[in-house]
Structure formats: structure tokens, C-alpha cells
Chemist: 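One structure follows; several queries about it will come next.
Just so it is clear: chains get the letters A, B, ... in the order the sequence lines come, proteins before strands, and each one is counted from 1.
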There are 2 protein chains.
Amino acid sequence: MSTAPDREAWGLMLELLFSHHRPRVWGIAAEFDLAPMQMFALKALEPGRELPMSALAGSLHCDASNVTGIVDRLESRGLIERRSSPEDRRVKMIAVTEEGQRLREQIAARMSEPPPPIAKLALQDQRELRDIMARALRS
Amino acid sequence: MSTAPDREAWGLMLELLFSHHRPRVWGIAAEFDLAPMQMFALKALEPGRELPMSALAGSLHCDASNVTGIVDRLESRGLIERRSSPEDRRVKMIAVTEEGQRLREQIAARMSEPPPPIAKLALQDQRELRDIMARALRS
DNA sequence: TATTGTTATACTCTATAACTATA
DNA sequence: TATAGTTATAGAGTATAACAATA
């Protein structure tokens, strides 16, 4: 007998995650002198698309009260800015600055580098993995 | 033209990770009234295999000074215990208690549940994903 | 009354540096 | 001298609750 294949696959993904990805996220954030959540917030803010604080909280899966601090720190470095909303004066829209956009791209380039176990797979396996993951996320 | 398949595959894995796994880790830890790092520490401590604090720090990818607090909190709940090492009186060996083992198994059962995108894949895709991940981690 | 974002509070994780007790 | 773990300190993320401004 054996475990269900989805559980086995997921277990292996968790292993990769914990042994390679987790430490790397911290390393990349440190390279750019950012805390991980600040980095994730920057990633969530696509250029040209303002987001209300509440949406940012949703995207980061954390409470709105945290976002105040995270946004404070990014704003004090000139990477993002708070703008008023013309529709509802309670909400504040967050947008990346030009400097934030440049940093954002550098981070994306580093994060998208696959960890060694994935990079060393045979090309055919890489293609198959990509296709399976695409099917998983499409449904 | 297109991105290299390993980068594409990795990008999709990150997406799954961030949208499904990350929030779930917090949720599961909260279920058991643990902070995430406490949960990871418990996971690292296999029953019957004591680990020095330093090894635990390595496994958690964090500084040794943090481990003191993490171990303190787990020990005060009776989930793990510090033991002296017969060989070197400087080192403290960490071991799960029986209660810790029970909690550890409950957590493992919850964590190993694959997120919906993986669980809903066709059986053939699940098997292929498992095999590719196994090849990735074996090398 | 309800909602958006802030502030206050308390706890956890994080690293660095200084310390202790051993080696 | 060097190492294992602790303590002190300071910064960051976390949620809850109370609050101001606005709807």
C-alpha cells in the first residue's frame, strides 16, 4: 500500500519549500534591506494599479492594523506612496513610486530563479512540471 | 519566445505557495495555539531522536539565540524537554515529550493535506507530479 | 450604524553583541 | 582560545481592541 499520490506530491513540495525556498526568501529580502513582508507588499503592488490598504491586507493575508506599519516603512524609504481616493475619503490608495518599481523588478528577477532541485531537472521534467502546475492553478 | 520552463514552473509553484500554503500554515498553527516557528521546531524533533539546540537552529534556519525562546515556550507547555548531554556539558539535547508526540502527529496530519489545486488534479497528473518532485529532491 | 485606517497593547520572531560555563 | 547556550537589546510581524473620520 502507499499514500495517495497527491499527499506524497504535496509532502515533497513542502520539503523543497522548507529546505530551499524559506531560507532564500529571507536572504533575498536581506539583499535589498527589506523585511519579508515589506518585500511581499512591494510584489503585490503592480505598477499603475493602486490598491486600497484593505486590499493589500487581503493580499498579504494579515490584519489591516499590520499594514499601517508595513506601509509606513516602505513609504519612509520612498518606495511606495499613500494617495487619497476621490470616491471615498476614508480609504487610502497605495501605489509604487518609480524607485519602488525599479526595486520591484530586481526582486522579481531574483525570486524567479528556481532553486537547484528544480533547475537541475531534465528539460522534459521541467516542461511537465510547468504544465501540471498550470493545470492545477487554472482549475 | 518564452521563459525557460524551470522558471515558469517555479513561478507557478510560488503562486500556489503564497496563495494557499502560507495562509494555511498560520491557520494550522493557530488551531493548535502555536506560533509557526514553534510548530516547525516540533516538526523537526522526531520522536526518539534528541537534537542539540545548535542543530535545531540549523534546521530552523535561524540564529541560536532565537531557539532559546522558542524552546522555552514549547517546554513551558510540556511539549518538549531539555536534557543534558553526557558527552559535553555545554550542550543541551532537546526531545519531544509524549504529549508533544501526540500533538506532532496531529499537526503532521493537517499539514500533509494537499491544497485544493493539487488535490483536484487528475490522478495521472498527481502521480507524475510526485515522481518529478521525487527526482528533483533525490539529486 | 457601519467601515477605513490608525493607534495602543502585548506577544513572537529576528539578528547582533555581550556574557556564562564549559571545552 | 573556542564553542554551546543564555541574556539584553532593538526592530519587525502578528492579532485584538479602542478610536477618529467618513460613509
Side-chain angles (χ1 to χ4, degrees), chain A residues 18 22-45 50-77 79-95, chain B residues 18 22-45 50-77 79-95:
Chain A
F18 197 77
R22 232 179 115 75
R24 247 196 21 173
V25 166
W26 277 92
I28 294 174
E31 272 179 45
F32 297 103
D33 199 27
L34 291 172
M37 284 306 287
Q38 295 173 27
M39 186 168 70
F40 295 145
L42 207 52
K43 179 194 167 201
L45 291 165
E50 300 181 337
L51 279 186
M53 306 272 292
S54 58
L56 193 49
S59 170
L60 295 173
H61 306 291
C62 70
D63 192 87
S65 62
N66 303 335
V67 179
T68 299
I70 294 167
V71 164
D72 280 349
R73 292 181 270 274
L74 288 172
E75 191 173 32
S76 73
R77 282 180 55 177
L79 300 172
I80 64 174
E81 59 185 20
R82 273 177 245 238
R83 298 176 185 164
S84 56
S85 162
E87 298 162 10
D88 185 333
R89 299 202 312 197
R90 289 174 305 180
V91 344
K92 288 172 189 164
M93 305 299 287
I94 311 300
Chain B
F18 197 78
R22 233 180 113 75
R24 247 197 21 175
V25 165
W26 277 91
I28 294 174
E31 271 179 45
F32 297 104
D33 200 27
L34 291 172
M37 285 305 288
Q38 294 172 28
M39 186 169 69
F40 295 144
L42 207 52
K43 179 192 168 201
L45 290 165
E50 301 181 338
L51 279 186
M53 306 273 292
S54 57
L56 194 49
S59 170
L60 295 174
H61 306 292
C62 71
D63 192 86
S65 64
N66 304 335
V67 179
T68 299
I70 293 167
V71 164
D72 280 349
R73 292 181 271 273
L74 287 172
E75 190 173 32
S76 74
R77 283 181 54 177
L79 300 172
I80 63 175
E81 60 185 19
R82 274 178 244 238
R83 298 178 186 162
S84 55
S85 162
E87 297 163 10
D88 185 335
R89 297 202 313 195
R90 290 174 303 179
V91 343
K92 288 172 189 165
M93 306 299 287
I94 311 300

Chemist: Given atom CZ of B/R73 and atom C1' of C/dA10, what is their separation to the nearest angstrom?
Modeler: 13 Å

Chemist: Mind calculating the distance between CG (B/D33) and C1' (D/dT16) to the nearest angstrom?
Modeler: 15 Å

Chemist: Locate the shortest heavy-atom distance separating B/A44 from B/S59; write the atom from each residue and the value.
Modeler: CB-OG, 3.5 Å

Chemist: Rounding to a whole Å, what distance do you find between A/M39:CE and C/dT14:P?
Modeler: 14 Å

Chemist: Produce the list of close N/O pairs, under 3.5 Å, pairing protein atoms with atoms of nucleotides 4-8 of chain C; give distances to one decimal.
Modeler:
unit_1	atom_1	unit_2	atom_2	d
C/dG5	OP1	A/M53	N	3.2
C/dG5	OP1	A/K92	N	3.1
C/dG5	OP1	A/K92	O	3.4
C/dG5	OP2	A/S54	N	2.8
C/dG5	OP2	A/S54	OG	3.4
C/dG5	O3'	A/K92	NZ	3.4
C/dT6	OP1	A/R82	NH1	2.5
C/dT6	OP1	A/K92	NZ	3.2
C/dT6	OP2	A/T68	OG1	2.9
C/dT6	OP2	A/R82	NH1	3.3

Chemist: For B/L34 and B/R77, work out which heavy atoms get closest and say how close.
Modeler: CD2-NH1, 3.4 Å

Chemist: Taking all atoms of both residues into account, what is the closest heavy-atom pair of B/F18 and A/H61, and its distance?
Modeler: O-NE2, 3.5 Å

Chemist: Just how far, in rounded Å, is C1' of D/dG5 from CZ of B/R83?
Modeler: 18 Å

Chemist: Can you tell me the distance, in whole Å, between the CZ atom of A/F40 and the P atom of D/dG13?
Modeler: 11 Å

Chemist: I need the CE-P distance between A/M37 and C/dC13, as an integer number of Å.
Modeler: 16 Å

Chemist: 5'-most contact on DNA chain C: B/Q38 or B/R89, nearest heavy atom basis?
Modeler: B/Q38

Chemist: Between A/T68 and A/R82, what is the shortest heavy-atom contact and its length?
Modeler: O-NH2, 3.9 Å

Chemist: How close do B/L51 and B/A55 get, heavy atom to heavy atom, and via which atoms?
Modeler: CD2-CB, 4.1 Å

Chemist: Starting from the 5' end of DNA chain C, give me the residue, B/E87 or A/R22, whose nearest nucleotide shows up first.
Modeler: A/R22

Chemist: Measure the distance from NE2 on B/H61 to P on C/dA15 and round it to the nearest whole Å.
Modeler: 12 Å

Chemist: What closest approach, in Å, do A/Q38 and A/I70 show between heavy atoms, and which atom pair accounts for it?
Modeler: CA-CG2, 4.2 Å

